[in-house]
Asks: 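One structure, pasted below without further comment.
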Amino acid sequence: MSLLAGLNEEQSAAVVHAQGPLVVFAGAGSGKTRVITHRVAHLVGERKVAPWRILAVTFTNKAAAEMRERLTRLLPSGANDLWVGTFHAICARLLRRYADEVGVRKDFVIYDDADQRAMITRVARDVGLDERRFPPRMLAGAINRAKNDGLGPDDLPSGDSFEQAVQKVFATYEERMNVAGALDFGDLIYRMVRAMQANPELKHALQSRFEHVLVDEYQDTNHVQYMLVRLLCEEHRNLCVVGDDDQSIYRFRGADRRNILDFSRHFPDARVVKLEQNYRSTQRILRIAHAVVSRNIDREPKQLWTQNGEGNKVAVIGCVDERDEAATIVQLIRMLLESGLARREIALLYRIHAQSRVFEEALRYFNIPYRVVGGLRFYDRAEVKDLHAYLRVIQNPRDDVSLLRIINNPPRGIGKTAITRLLDSAARGGHSVWTALEQVEQDPAQAGAARSSLLKFRELIQGLQRLAATELPSIVAQNVLVETGYDKALQTEDSAEADARRENLREVIGSMKELEREATDPSLASYLELVTLQTDTDKTANEDSLTLMTVHAAKGLEFKVVIVAGLEEELFPHRGYSPEDDPDDLEEERRLAYVAFTRAEHRLFLSYAGSRRVYGELKMRVPSRFLREMPPADLDMLSSESGRPRAPSAPRPQSSYGSQPSYGSQGSYGGQARYRSEPPRPRSEPPRPSRATTESYVDRSEGSDYGDPGIRRGTYVRHPKFGVGEVHAVTSESPPRVTVRFPGWGEKTLLATYLEPA
DNA sequence: TCCGAATTAATTTTT
DNA sequence: TTAATTCGGA
């Protein structure tokens, strides 16, 4: 029973649960991964379930790899025969195995979002849609949403013109994808579900195969994924799902929290286990996280508790603007590092990537090693995608999107006209571009130079295909770079950027070689599948650098110290360009905040700026409502050094990086910070913030020594039309509205977003 | 065919 | 602000 050693009662219950559906509500830091891995180990080791009859689904490859690794250690027999993987990877594997039954080609390629977008753009043009009225990204969104809901083109409404456009594009897109032998991410799951529904034998084969199905991060499954899970476990009914509805942060991608919230309704005989003991954070951190998320109406009631200590107060640092925020936070980080903390133990989180820039500048200024997670991914680089496109065309020349990507890259005299004619020919024949290329001799429209360029390109690809029949992928890749002239073109360019691209390509080939050494099946097809499904390589995880990332990217991670920047209205909670308040959006922002805060083990720092450049425009900012929702007793309200009032016309210092901070920790980062602290605010009365609380927060007492970076009475602001005026009152916070007296114009009430500090 | 100016748009994104 | 994409002229 060593598997149960060190587990608490609830964890053990989940591990040993024998038969039937089980839902585990696993709060942040409650030992979720442990439960899931130990459960699998228990099934194999104690209950003698054959490993190949266990399916464990994760959301990331990283999580899958981690689970496999842990299981390898837990199980004497190893984890090789277990089915562990993401929904997408598992479906891809099943689709290849049952390609004939499903009706897909065994050698299908997988289109990522960019490929999909390219295809949709082309289809939309071909069916004659106005790109301005129906932007491809919206069409793609609608198509993906449909697939996430398990719907095909025929299942969609066709009321308004947009719906009609979607339906038309969707249907044609499916045809084209079929011709191209390509599946998009959504297809992988959708097609599998459809096939099981349509084919009872296939359904039965799979249902009897998987005796136990386990799903991690169940709160982020979408509807088709639910359908798939449901189908797979129909026979044995041994479904174990683990998740936390409070950490569901992918609604915008179709994740449906109802899947976990309604689990007991979907499976009435389900056992429910709640893991509420947190092993990660201090009590204060949990309290403020809970204070925010518990305001959500639609959630499973639960509250994390911990035996950990009370911990330090959560520091809230008010800053002047985003540069001041960056300078202040970097100073804070320097002090944390000086106090003995390792860089890898600190994370700086933000709501959107755009926020990282100023921090990166400040960190570079002080030579603090950092890594930015997410953003531009390695495999998304143009040159990498180009090489992969060549490889994909070699493997499957019907892959139109890839073919069109490389047909004149590097330039080889195949111009717009020649390509248009080729596309016409393909459309006429209802076949792929490659087929059109094979028939180019019969096409009278292709004449002279264009025709010979096309023929030359065709021979180039055919030659590489012959090579690929016998050689390893890395050899093929090297030949691609040489024979296509791709490398030569970069060499000729002779710029630093081109050198970097060549370096990246060398790196790709290096990693291909590495994979070939390890892989059981070092084929081009398996390499290509791997790189499309495995987006992040995460090789930098071991180096000691500070981590910068979005809150989304931080899910599942933990750090000794977490700093969350930009706790301002409009930013966090984020409101992009959606004009109206969607309560569901706000609830998701709360969950996001909950995820952010619960990443912290020992200390949590929050910051906001009083003004910030948004798309180049200086905007006034209002501190996040989330701050107001936290118990004031757990907060330390502070302001940055430069948060002190300055003469309105005083020039901004060139750089605030050199200034000494007015706060610090003594000895260790765990010590009480020497921040200037404000008198405690009266407890506000959420959820409906009264005007009074608004003022007690935003409109600090006059004559205060502390500069309030936010908008308050007396602040001078500039409006594009009315000029400079004085703020008379803050009338609402969301949207931030203020009354301003403009000389010559009188008193105006307007949105603070139109104002900048004067 | 290609380069640079003009235009436009701008969350989060495990796959 | 920026980055990405498109368009127009050489």
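Just so it is clear: chains get the letters A, B, ... in the order the sequence lines come, proteins before strands, and each one is counted from 1.
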Asks: Given atom CE of A:Met138 and atom P of B:dA10, what is their separation to the nearest angstrom?
Replies: 10 Å

Asks: Using a cut-off of 4.0 Å between protein heavy atoms and nucleotide atoms, how would you tag nucleotides 1-10 of chain C 5' to 3' with B, S and -?
Replies: BSS--S----

Asks: With centres under 5.5 Å and planes under 30° as the test, does A:Tyr250 stack with B:dT13?
Replies: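 Check failed, A:Tyr250 does not stack on base of B:dT13.
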
Asks: Using heavy-atom distances to pick each residue's nearest nucleotide on DNA chain B, tell me which of A:Ala89 and A:Arg412 is more 5'.
Replies: A:Arg412

Asks: Is any side-chain N or O of A:Arg575 under 3.5 Å from a base N or O of B:dT11, one able to act as donor and the other as acceptor?
Replies: no

Asks: May I have the distance from A:His223 (atom NE2) to B:dT15 (atom P), rounded to whole angstrom?
Replies: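 For the pair A:His223 NE2 and B:dT15 P, the rounded distance is 23 Å.
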
Asks: A:Phe252 has a side chain; which of B:dT12, B:dT11, B:dT15 sits nearest to it?
Replies: B:dT12

Asks: At 4.0 Å (heavy atoms only), tell me whether A:Lys555 reaches a base, stays on the sugar-phosphate, or touches nothing.
Replies: base

Asks: For A:Ile419 and B:dT1, what is the distance between atoms CD1 and P respectively, to the nearest whole Å?
Replies: 8 Å

Asks: A:Thr60 has a side chain; which of B:dT15, B:dC2, B:dT11 sits nearest to it?
Replies: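 Among B:dT15, B:dC2, B:dT11, the one nearest the side chain of A:Thr60 is B:dT15.
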
Asks: Counting the atoms with a prime plus P, OP1 and OP2 as sugar-phosphate, which does A:Ile90 contact under 4.0 Å by heavy atoms, base, sugar-phosphate, or nothing?
Replies: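 The answer is nothing, as A:Ile90 stays clear of every strand by at least 4.0 Å.
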
Asks: Could you say whether A:His552 or A:Lys416 is positioned toward the 5' end of DNA chain B, judged by the nucleotide with the nearest heavy atom to each?
Replies: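 It is A:Lys416, whose closest nucleotide lies nearer the 5' terminus.
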
Asks: By ring pair (Phe, Tyr, Trp, His ring centres under 6.0 Å), which residues pair with A:Tyr350, not counting sequence neighbours?
Replies: none

Asks: Look at the side chain of A:Glu589 and decide which nucleotide, out of B:dC2, B:dT15, B:dT11, has an atom nearest to it.
Replies: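 So the nucleotide nearest the side chain must be B:dT11.
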
Asks: Once you round it to whole Å, what is the distance between P of B:dT13 and CG of A:Asp113?
Replies: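 Rounded to whole Å, this separation is 12 Å.
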
Asks: Is any side-chain nitrogen or oxygen of A:His353 closer than 4.0 Å to OP1 or OP2 of B:dT13?
Replies: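 Answer yes for this pair, as a side-chain N or O of A:His353 is under 4.0 Å from OP1 or OP2.
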
Asks: Any chance you could measure A:Leu129, atom CG, to A:Phe162, atom CZ, to the nearest 0.5 Å?
Replies: 10.0 Å

Asks: Out of curiosity, A:Ser453 OG to A:Arg412 CZ, how far, rounded to the nearest 0.5 Å?
Replies: 9.5 Å

Asks: What distance, rounded to whole Å, do you find between the two C1' atoms, one in C:dT6 and one in B:dT11?
Replies: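 Straight-line distance between the two C1' atoms is 24 Å.
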
Asks: What is the base-pairing partner of C:dT1, counting Watson-Crick and G-U wobble geometry with both distances under 3.5 Å?
Replies: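 The base-pairing partner of C:dT1, which may sit in any strand shown, is B:dA10.
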
Asks: In whole Å, measure the gap between the C1' atoms of C:dT5 and B:dT12 for me.
Replies: 23 Å

Asks: Is the distance between the ring centroids of A:Phe59 and A:Phe87 less than 6.0 Å?
Replies: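 For A:Phe59 and A:Phe87, the ring centres are under 6.0 Å apart.
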
Asks: For the CD1 atom of A:Ile120 and the CG atom of A:Asp115, what is their distance to the nearest 0.5 Å?
Replies: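 Those atoms lie 11.0 Å apart.
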
Asks: Which is true for A:Gly413 with a 4.0 Å heavy-atom rule: it touches a base, it touches only sugar-phosphate, or it touches nothing?
Replies: sugar-phosphate

Asks: Would you sort out whether A:Arg230 and A:Tyr226 count as a side-chain hydrogen bond (donor to acceptor under 3.5 Å, both in side chains), showing the intermediate values?
Replies: CA-CA 6 Å; A:Arg230 169 135 227 165; A:Tyr226 161 70; 2.6 Å; yes

Asks: Take atom CD1 of A:Ile249 and atom P of B:dT12, then tell me their distance rounded to the nearest Å.
Replies: 13 Å

Asks: Only counting residues at least two apart or in another chain, list the ones meeting side chain to side chain donor-acceptor pair (under 3.5 Å) with A:Arg97.
Replies: none

Asks: Could you check how far CG of A:Asn409 sits from C1' of B:dC2, rounded to whole Å?
Replies: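 After rounding, the gap between these two atoms is 14 Å.
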
Asks: Step through it carefully: locate the ring centre of A:His552, locate the ring centre of A:Phe252, and say whether they are under 6.0 Å apart.
Replies: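 Yes - the distance between ring centres of A:His552 and A:Phe252 falls below the 6.0 Å cut-off.
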
Asks: Rounded to the Å, how far apart are A:Glu570 CD and B:dT11 C1'?
Replies: 13 Å

Asks: Would you kindly give the CZ-to-P distance between A:Arg137 and B:dT12, to the nearest whole Å?
Replies: 11 Å

Asks: When you measure from the centre of the six-membered ring of A:Phe108, is the NZ or CZ of A:Arg96 closer than 6.0 Å and no more than 45° off the axis?
Replies: yes

Asks: Between A:Thr550 and B:dT13, is there a contact of a side-chain N or O with OP1 or OP2 at under 4.0 Å?
Replies: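 It does, given that an N or O in the side chain of A:Thr550 lies less than 4.0 Å from OP1 or OP2 of B:dT13.
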
Asks: Please classify the nucleic acid contact of A:Asp112 as base, sugar-phosphate, or nothing, using heavy-atom distances under 4.0 Å.
Replies: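 Result for A:Asp112 = nothing.
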
